[in-house]
Each structure stands twice: as C-alpha cells, then as structure tokens.
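Every chain is numbered from 1 and lettered A, B, ... according to where its sequence line falls, protein lines coming before strand lines.
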Amino acid sequence: MGLVLADSSVVVLALPQIYRDLDTSVAGVTWVLVSFNLVMALAAVPAAMVARRSGPGRAAAVGLAIFAGAGIACGLSDSLSALIAARCVQALGGAAAVTAALELLPATVGSERRAAVVWASAGATGAAFGPAIGGILTQLVSWQSIFLLQAPVALVAAVPILAVARHEAATGIVEPELRRTGRPHLWANLALGMVSAAIAAALFLLVLLLIEGWRLSPIGAAIVVSAMPLSALLGSRLDPLAASAKARAAAGAILVSGGLAALGLLPHAYVVLTLPPQLLVGVGLALVLSALTETALAGRAPQAIHGGWTISARHAGVVVGLLLLTPIFTSDIATQRHDAIEAGTAVILDSRVDPLVKIDLAQRIGDQLESEKGKVPTIGPAFEPLPSDPGQRAEVVGLRDELQDQLNRGATHAFSPSFLLAALLGLLALIPIGLARRVEL
Amino acid sequence: MSTHPPFRGSFVGPGGTNEPRNGRLLVGGAIAVALVLVGVYLASGGASYTPKKTQDPCKPRPWGNPESLGEIANQFSVSALDGAACKLGVSREALARALATPAGRERFRRRYGIDDAKLAEAIRAGLVRAVDDAERAGALPPLVADPLRSAVREIPLDQAIELVRDARSALGSLEGLLGPASGLLERFLP
C-alpha cells in the first residue's frame, strides 16, 4: 500500500532528470505524474469491485505483479510516451493492489477500524516519504532505478499474499453475494480530493523549486523535503489528542494551507526558510489524510469499494492540482526568467568589468538561455572559464553571484502564485469538511 | 474477505468528554501557527519581491567620474549600447547579447527582424551618443571628440561593433585615423 501510494510522489524528484534525459519540457514531464494518478483515480473503484469478485488475495497478488512488471517497463523506457504508457499500466496494478489490501488488512490487524487507520497512515506516509526516496535513488543510481527497484519490493510484498490467494482458490472463500456498498461519503471524498490537490502542489512545486529554481542536487533536495515526512510522523502522533476526525481534518487542512501560503511568501531563496512551512504541511497532511480517509470509510461496507473511492478522490485531486497549477507556474517561470536574465545582464553591463569580457559574458548568458528552452536556466556554466586576471576574476565571481541571486529570487517568485493557489485549494477543503456530518450507517 | 463488521461514526472520536475541547484546541492551534508563520514571512518581505527593472536605454545614464582610459572605455561602451538600443527600440541587454559573436547577431536579426544595415546605423548613432556623453562628462575634450564623432559616423559595422566591445583598444587605434589629432588622446586622457 505504502509502496504504491509512494509511487505517485516517488518520481517527483526524478522529474528534472527525466525531462533532461528524455528531452521534454516541464509541462510534458508532468504527465509522468498525471498519467499515474489519473489511471489510479479512474481504476480504483473498478479494481476494488474486481477484488471483491475474484478475492482480495488474488487481486492483490496480480496487482502487485502487474505493478512490478510495469515498473521494469518504466525503468527501461527510452521515450516519454513509453514511460507514460508504462506508468498507466503500473497504476492499474497499483489500484488493484491498494484496494485489495484494505480487504486483507482487517484479518491482519484485528478490526476494520484499525485496518482503515493503518491503511490511511500507510497512504499518507508513502506519499510523504516518496520524494525523498526518489531523490536519493536518482542521484546515487539513476531515475530508472526508482522503477526497477520497485519490482523486487512489490514481488516480496506479494509473497505472503500468494498464500492468501492460494487459500482463496482452494476454499473458494470469495463473498458470493456482494453487500450493498452504499453511497460513497461525498463530503469526505471531496475534501480528500481538494486537500490532495494542495499536497501534490506542495511536493511537486517544492521539488521543482529546489532542483530547477535553486539548483540543488536531487539528493540535496531529498534531504530538504524529508522534513515533510518527518513532520508527518509527528502529525500522526497528534492523534492521541483524541480530537474528532472533523477537528483533525480541519486542523490538518489549515496547517497544509498555512504551510503552502508560507512557501508562496518566502522572503529569500534560502533552503532553511522552506523548513517551517514543510513542518506545517507534513503535520497537516498526516492529520487531514488519515482523518478524511477514516471518515470516508466509517460505517461503510465493503471497505475495498469505499477505499477505492478514497484512492480515486485522492488521485483525482492530484491530477486536478497538477493540471491546474503546472500551466500557471511554467508561464510564470518563463516571465521571471526573462526578467531575471535582463536584470542580470544589466548588472553585468553596469559593472566595472572590461567591456570585452562583459559583452562576451552577456553573449554566453544568451547562449545558455537558448540551450535551456522552457526551463529555469542554470547560469553557472556561462561564467566558465573565469578570467585569469585576479581582479577581473573577483569581479566576475561577484557578478555571477549577483546574477545567481537575481535568478534564485526570480525563480522563487515564479512559484509564488501556484503555492498561494494551492493554499487556497487547501482552505476550500474546509467547506466539505464543515459540511460532513457525523457518520452513521 | 473480511468478516469484521464495519466500524461506525468516525467523526465521533475516542476522546470522550474532552473531545470537543481538544478539537477546538487543535483547530485553534493550527490557525494560530499558520497565521504566525505567514505573518513572519510577510513581515520579512515575502510579498515585496519585484524583479529589478532594466533602464530605458533612451534615458540618459549618468557618467561617473572616470579616472583612467579603462573606465572611460567602459562607460563609452555602455553609452554606445544605450544609444544603439534606443535607436532600435530594443533593450540594451538584448543588444549586448547580440554583439559578441556572428551567431548572436544572426539570432538577434531573426528575433527582432533587424538587418545589418539597420544595426550598423543604430550602432553608429550609439557611438555618436557615447562621444557626446563622454564630452559632456569632461572625459573627452572637444578637440578629440569632434574628429572622433566624424569618424564613427562613417565607420563600417564590424569596426563599430568592435569599438563598442573593445573601446579601449579601438580608441587607441583611432589615434591613427585622427591625423593631425594623433597623439592628443594620450595627452588629454588621464
């Protein structure tokens, strides 16, 4: 469960590397995330129904096998379209495995309530830890390794499930008559979708800001964004406060929105300033995802079907968040990049550096821009090699740092409207949370 | 397949009588923490960023107090770029990025639809402005500025670009073109 739900975010830190390797754009590479989440959203409920009919053990085992096989196909993809196609298949397997897991869990953990809590926590933890794991693998091995390593993990997870599947096949213990599923919990699922859109923005935008805007390495960005899952662990410990699910959901949505708003209002391009907002988002996501999932499942049967609705709502939210915010921030990046480069070139031209050197520098910056169409520029190479004269060298290094600062601030500012819009989405989730009433079936 | 009964009433937590108070505390605390963080970031200038605007090249750019041939050459180049960019209706920065290499010039031509004849005319106008600015700032005496102004009005494109890029060498080499004024540059320039 955690593996599959981590998969919607695990690839986030690899996206910059993927779009370089596969020669695409920010908007194009977004579909590596969108495709997976879209198929998960569409397939979760049907997959749950299949799991009910064929037996959750079998459905989970087949789902994990498909997930593993498609993961290998993702890792071997040499084009964006092949990668997206494999991601779609991977999401199909993932949907089957995740929804079936909810049917299998009560037998393991003792009760449906406990199963729902464990299931919701695994989802929140997986989503939060995904980017950090993906970043470490991307830098230490490659982005392909993220997918290739999922295969053995999924297969190992499938081993105990195979025993259940064999038992189902031998005994025929598959519920012959499906219970009435009841309507899905509209408000909880709607809120789940809206909060997921906001959280997707937090992960996706923050990672892009760190790697593409501030040029951190994937592992550096992974370390920075690991603040979010660590905070999520802290958030999961707030449950003993014994507040109602509604209060936890509301508090979580407020914290997520507050953290996102703060990310949209970063006063400087300093990594340390992303930590307090991440703390809020992490604690908030743990509170709100688990509270809303528990609410959506409460009093409803069968669990797999309603679990399927929550998966569907969450991933639909991620898709909406990505599709809504990506065009906004890619357009803002282009504008900010242009302004920052113009301002940076002005700084160079107004400097005391020899005109021959500075016009050459201005040209190299232009070349760098041309070579990074549609992407946030990495300006360092334009300043290499540095002049040999010590005075000129110091001057040029100063200029490089000043231009870098201009670019960093410009990139940070480019992400602000998207973060603020995501914060608004999180706040809007308070409406369905407020409308949700005590659940009694 | 699970045989456990579905659980009920998730929105009713296990907190018993303290639950509403805990809930209010939790929500109130979340609001307070979120507002404090957003407030601190706002107070630290989180909403105040505006990118530096580049200056209109048609507006005069004040010369400092150049104390060496190198500094005069530097300001001369900037003035020339301003003048040429003003004439072409592009930013000084975009023009500067075009002048270093033929490829840059070609890219500039494609992007702005400006051919070499227009570029040459604009750069000559920019050089005239640079001479005017230098003379006004007292960096070039009229005796040097007048023949220099006449010389740049006729200068071919490549030499004009070279004069913008490497004003120091070019100013020195112009001594030869100035005929009777030869040698005056060294005398008048600090």
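Only the side chain of B/Ser77 comes within less than 4.5 Å of a heavy atom in chain A; its backbone stays farther off. Only the backbone of B/Ala98 comes within less than 4.5 Å of a heavy atom of chain A; no side-chain atom from C-beta onward does. Heavy atoms of B/Leu25 lying under 4.5 Å from chain A are absent altogether. For chain A, the nearby parts of B/Val164 are the backbone and the side chain; heavy atoms of each come within less than 4.5 Å. With a 4.5 angstrom heavy-atom cutoff, B/Val78 touches chain A only via side-chain atoms.
The stretch residues 115-128 of chain B places none of its residues near chain A, where near means some heavy atom under 4.5 Å from a heavy atom of that chain.
Atom CG of residue A/Leu349 and atom CZ of residue B/Arg92 lie 4.5 Å apart, to the nearest 0.5 angstrom. Rounding to the nearest 0.5 angstrom, the gap separating the CG atom in A/Leu279 from the CG atom in B/Leu37 is 9.0 Å.
A search for side-chain hydrogen bond (donor to acceptor under 3.5 Å, both in side chains) contacts involving A/Thr412 returns A/Trp214, not counting sequence neighbours. For B/Asp56, there are no salt bridge (Lys or Arg N to Asp or Glu O under 4.0 Å) partners two or more places apart in sequence or in a different chain.
Comparing B/Leu99, B/Asn74, B/Val27 by heavy-atom pairs within less than 4.5 Å of chain A, the highest count is held by B/Asn74. Per-residue counts of heavy-atom pairs under 4.5 Å with chain A were compared for B/Leu35, B/Val33, B/Val36, B/Val40; the largest is that of B/Val33.
Checking side-chain atoms of B/Tyr41 against main-chain N and O of A/Leu273 turns up a donor-acceptor pair under 3.5 Å.
The nearest pair of heavy atoms linking B/Glu93 to A/Ala346 is OE2-CB, 3.2 Å.
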Quick one: side chains of residues 250-267 of chain A, donor-acceptor pairs under 3.5 Å with protein atoms, not counting sequence neighbours, listed by atom name and distance.
unit_1   : atom_1 : unit_2   : atom_2 : d
A/Ser257 : OG     : A/Ala253 : O      : 3.0
A/Ser257 : OG     : A/Ala423 : O      : 3.0
A/Ser257 : OG     : A/Leu427 : N      : 2.9

